[in-house]
Amino acid sequence: MRSGHRLGRRFGWLWGAYGASALGTWLAFGAFPLIAIQVLRSGPAEVAALSSVGAAVGAAVAVPLGPWVEFRHKRPVLIAMDLVRFAALLTIPAAFALGVLTFVQLLLVSVVVAAADITFRAASGAYLKTLLPAEDLLVANARFESTAWTTTIIGPPLGGAAIGLLGPVATVVADAVSYLLSALGIRATGGHEPPPGRARPARMRARDLLGGWRYILADRALRPLFFNTALFNALVMAVQPLLAVLMLGRLGFAPWQYGLAFAAPSIGGLLGSRLARPLVTRFGQHQVLIATGALRALWPVGLAFVEPGTGGLLLVIGVELGLIFCCGIFNPVYTTYRLERTANDRVARTLSAWAVTAKASTALLTALWGVLGGLLGPRTAIGLAGVLLLATPLLLPRRAAAPVREPEAEPAASRT
């Protein structure tokens with residue numbers, strides 16, 4: 001990109017804010033289940049509810065927030081969502097210190113954080129589209145992707161060490177502080193944000209809640225990509241608990257080996273994100289989207305063949321490396337493609353609907369695959385998910401689509 005890929009001071013602050021919150025999230029990875037198990041003595045059903053029920057209810061709570069965000073300036077919404085997550089997470093160490101922490105509080109905090117996450121993602125995509133010209137979006141999204149994988153590599157080991165020394169509640173404090181730092185970084189972006197594309201309606205109607213889904217399903221390019229990403233991500237996440245049961249239980253891998261099997265391959269995501277723009281420049285956006293979307297579906301079925309010992313560990317690392325490398329390329333390309341295909345006055349609702357569907361489908365399939373794992377065994381259930389993933393490339397957009405034509409801006413007088 002011109003000028004050595006410089007995207008400006010405002011993007012630099014936004015990027016730094018993203019990095020701070022991503023690192024905090026990975027530092028606290030697994031903290032809630034550990035608190036439930038070690039502090040509250042919760043059973044398996046309660047621990048599962050933290051991830052499945054919390055995410056599903058959080059997604060339901062976020063449904064009306066997408067339309068609400070659309071008609072507001074996005075930077076204040078981003079700051080507010082960071083502060084909501086900061087405050088919600090801080091209630092956990094406060095309650096722990098006072099000896100009044102309960103499982104219900106953990107569940108409520110997980111719901112609040114899940115809803116705020118979805119709202120933040122919806123607003124951040126819309127804000128990024130106003131911050132940068134269209135030709136810079138892929139570079140920006142690739143930088144976010146590389147930061148995500150970098151924090152995935154360094155966050156869990158640091159978080160694990162902190163948990164060992166200070167306990168899981170300490171990492172929740174670190175996660176909360178990361179959202180405060182993110183809010184400060186977004187505030188520092190400053191500058192002028194264009195007004196929302198449409199005037200705020202006098203009141204929210206029931207049909208407005210489904211506006212994001214209607215927009216996605218009416219678009220011939222977004223519709224297949226929507227189903228592809230929702231199904232792919234949900235199936236990949238659904239087998240993670242079963243793989244943990246298989247590796248840590250029946251196959252006898254040590255916890256450090258299990259952690260290594262998923263931390264080390266994250267380098268593939270970092271490398272893939274660096275290649276996204278050069279590949280698009282050479283082969284074109286649609287070709288890269290189709291190729292990497294198909295290639296990433298080939299890897300997960302290999303997890304059904306893991307065996308004990310070094311060979312099994314290397315198999316998992318190899319499968320995860322290939323999967324994450326392809327995702328590292330695919331994710332920024334698809335994120336940019338989605339933004340280009342979405343009109344400016346529909347971005348927040350579209351991204352909110354997308355995120356709500358992703359959360360809900362992941363929660364649903366995780367629960368379903370838990371049942372299948374109990375009936376068929378974890379290895380068979382993992383293999384079934386891998387076979388279904390082989391069909392997901394059929395849902396990718398068949399033809400390249402041009403960016404949408406934006407509606408003409410309203411005269412300034414009409415907004416006053």
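Everything numeric here is computed off the predicted structure, so don't read it as measured data.
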(message) Can you tell me how far apart CZ (F96) and CG (L106) are? Round to the nearest 0.5 Å.
(response) 11.5 Å
(request) Taking all heavy atoms of P241 and all of A238, pick out the closest pair and write down the distance. (result) CD-O, 3.5 Å
(message) I need the L368 CG to L372 CG distance, nearest 0.5 Å.
(response) 4.5 Å
(request) Kindly indicate, with the supporting measurements, whether the criterion side-chain contact (heavy atoms from CB on, under 4.5 Å) is fulfilled by D82 and L180. (result) CA-CA 6 Å; D82 271 337; L180 179 61; over 6 Å; no
(request) Measure across L138 and P332 and return the closest heavy-atom pair with its distance rounded to 0.1 Å. (result) CD1-O, 3.6 Å
(request) Please report the closest heavy-atom contact between A88 and V112, naming both atoms and the distance. (result) CB-CG1, 3.9 Å
(request) Would you check if the side chain of E70 reaches a backbone N or O of A348 as a donor-acceptor pair within less than 3.5 Å? (result) yes
(request) Look up atom CH2 in W15 and atom OG in S146, then write down how far apart they are to the nearest 0.5 Å. (result) 6.0 Å
(message) Strictly distance-based, threshold 3.5 Å: is any side-chain N or O of E340 a donor or acceptor partner for the main-chain N or O of L137?
(response) no
(request) Any chance you could lay out the side-chain contact (heavy atoms from CB on, under 4.5 Å) test for T130 and K74, step after step, and finish with the verdict? (result) CA-CA 10 Å; T130 66; K74 307 305 181 288; 5.9 Å; no
(request) Kindly determine whether V63 and I118 satisfy side-chain contact (heavy atoms from CB on, under 4.5 Å), including the steps that lead there. (result) CA-CA 9 Å; V63 169; I118 292 172; over 6 Å; no
(message) Side chains of F232 and L395, heavy atoms from C-beta outward: is any pair under 4.5 Å?
(response) no
(message) Quick check: closest heavy atoms across T292 and C326, and the distance to 0.1 Å?
(response) CB-O, 4.0 Å
(request) Work out which heavy atom in A20 is nearest to a heavy atom in L181; give both atom names and the distance. (result) CB-CB, 4.2 Å
(request) Look at the side chain of R250 and the backbone N and O of V245, then say whether any donor-acceptor pair between them is shorter than 3.5 Å. (result) no
(message) I want to check something: taking the side chain as every heavy atom from C-beta on, are V239 and L243 in contact at a cut-off of under 4.5 Å?
(response) no
(request) Test D175 against R85 for salt bridge (charged side-chain N to carboxylate O under 4.0 Å, His left out), laying out the working first. (result) CA-CA 9 Å; D175 194 15; R85 291 181 286 187; over 6 Å; no
(request) Check whether any side-chain heavy atom of L7 sits under 4.5 Å from a side-chain heavy atom of R143, and report yes or no. (result) yes
(message) Taking the side chain as everything from C-beta on, heavy atoms only, tell me whether V113 gets closer than 4.5 Å to F32.
(response) no
(message) Please report the interatomic distance CG(N141) to CZ(R338), rounded to the nearest 0.5 Å.
(response) 8.5 Å
(request) Would you check if T350 and F226 make a side-chain contact, meaning some heavy-atom pair closer than 4.5 Å? (result) no
(request) Check whether any side-chain heavy atom of R349 lies under 4.5 Å from a side-chain heavy atom of F71, and answer yes or no. (result) yes
(request) Indicate yes or no for a side-chain donor-acceptor contact from R75 to the backbone of R187 under 3.5 Å, with no hydrogens or angles considered. (result) yes
(request) Measure the spacing between CG of L295 and CG of L323 and express it to the nearest 0.5 Å. (result) 11.0 Å
(request) Check the surroundings of atom CZ in R223: do more than 12 heavy atoms from other residues, nucleotides or ligands lie under 6.0 Å from it? (result) yes
(message) Would the distance check show the side chain of N233 and the main-chain N or O of T229 forming a donor-acceptor pair, the cut-off being under 3.5 Å?
(response) yes
(message) Looking at R379, I want to see if its CZ is surrounded by more than 12 non-hydrogen atoms of other residues, nucleotides or ligands under 6.0 Å.
(response) yes
(message) Are the side chains of Q285 and T336 in contact, using a 4.5 Å heavy-atom criterion?
(response) yes
(message) Under a 3.5 Å distance rule, please check whether T362 uses its side chain to pair with a backbone N or O of K359 as donor and acceptor.
(response) no
(message) Looking at every non-hydrogen atom in both residues, tell me the closest pair between I329 and G272 and how far apart they are.
(response) CG1-O, 3.3 Å
(message) With a 3.5 Å distance limit and no angle check, can you tell me whether S182 reaches the backbone of S178 through a side-chain donor-acceptor pair?
(response) no
(message) Do W369 and L384 make a side-chain contact, defined as non-hydrogen atoms from C-beta onward lying under 4.5 Å apart?
(response) yes
(message) Ignoring hydrogens and geometry beyond distance, is a side-chain donor-acceptor pair present between W68 and T119 at under 3.5 Å?
(response) no
(request) To the nearest 0.5 Å, tell me how far N228 CG sits from L396 CG. (result) 4.0 Å
(request) Please work out whether the ring planes of Y18 and F144 are parallel, tilted or perpendicular, with thresholds of 30° and 60°. (result) tilted
(request) Establish, yes or no, whether the cationic atom of R296 lies under 6.0 Å from the six-membered ring centre of F330 and within 45° of the ring axis. (result) yes
(request) Would you tell me whether W149 and S266 have side-chain atoms, one donor and one acceptor, within less than 3.5 Å of each other? (result) no
(request) Return yes when atom CZ of F253 has more than 12 non-hydrogen atoms of other residues, nucleotides or ligands closer than 6.0 Å, and no otherwise. (result) yes
(message) Just checking R9: does its CZ atom have more than 12 heavy atoms from other residues, nucleotides or ligands closer to it than 6.0 angstrom?
(response) yes
(request) Give the C-alpha distance, both sets of side-chain angles, the deciding distance and a yes or no for side-chain contact (heavy atoms from CB on, under 4.5 Å) between L89 and V109. (result) CA-CA 7 Å; L89 288 171; V109 170; 4.1 Å; yes
(message) Under a 3.5 Å distance rule, please check whether Y179 uses its side chain to pair with a backbone N or O of G24 as donor and acceptor.
(response) no
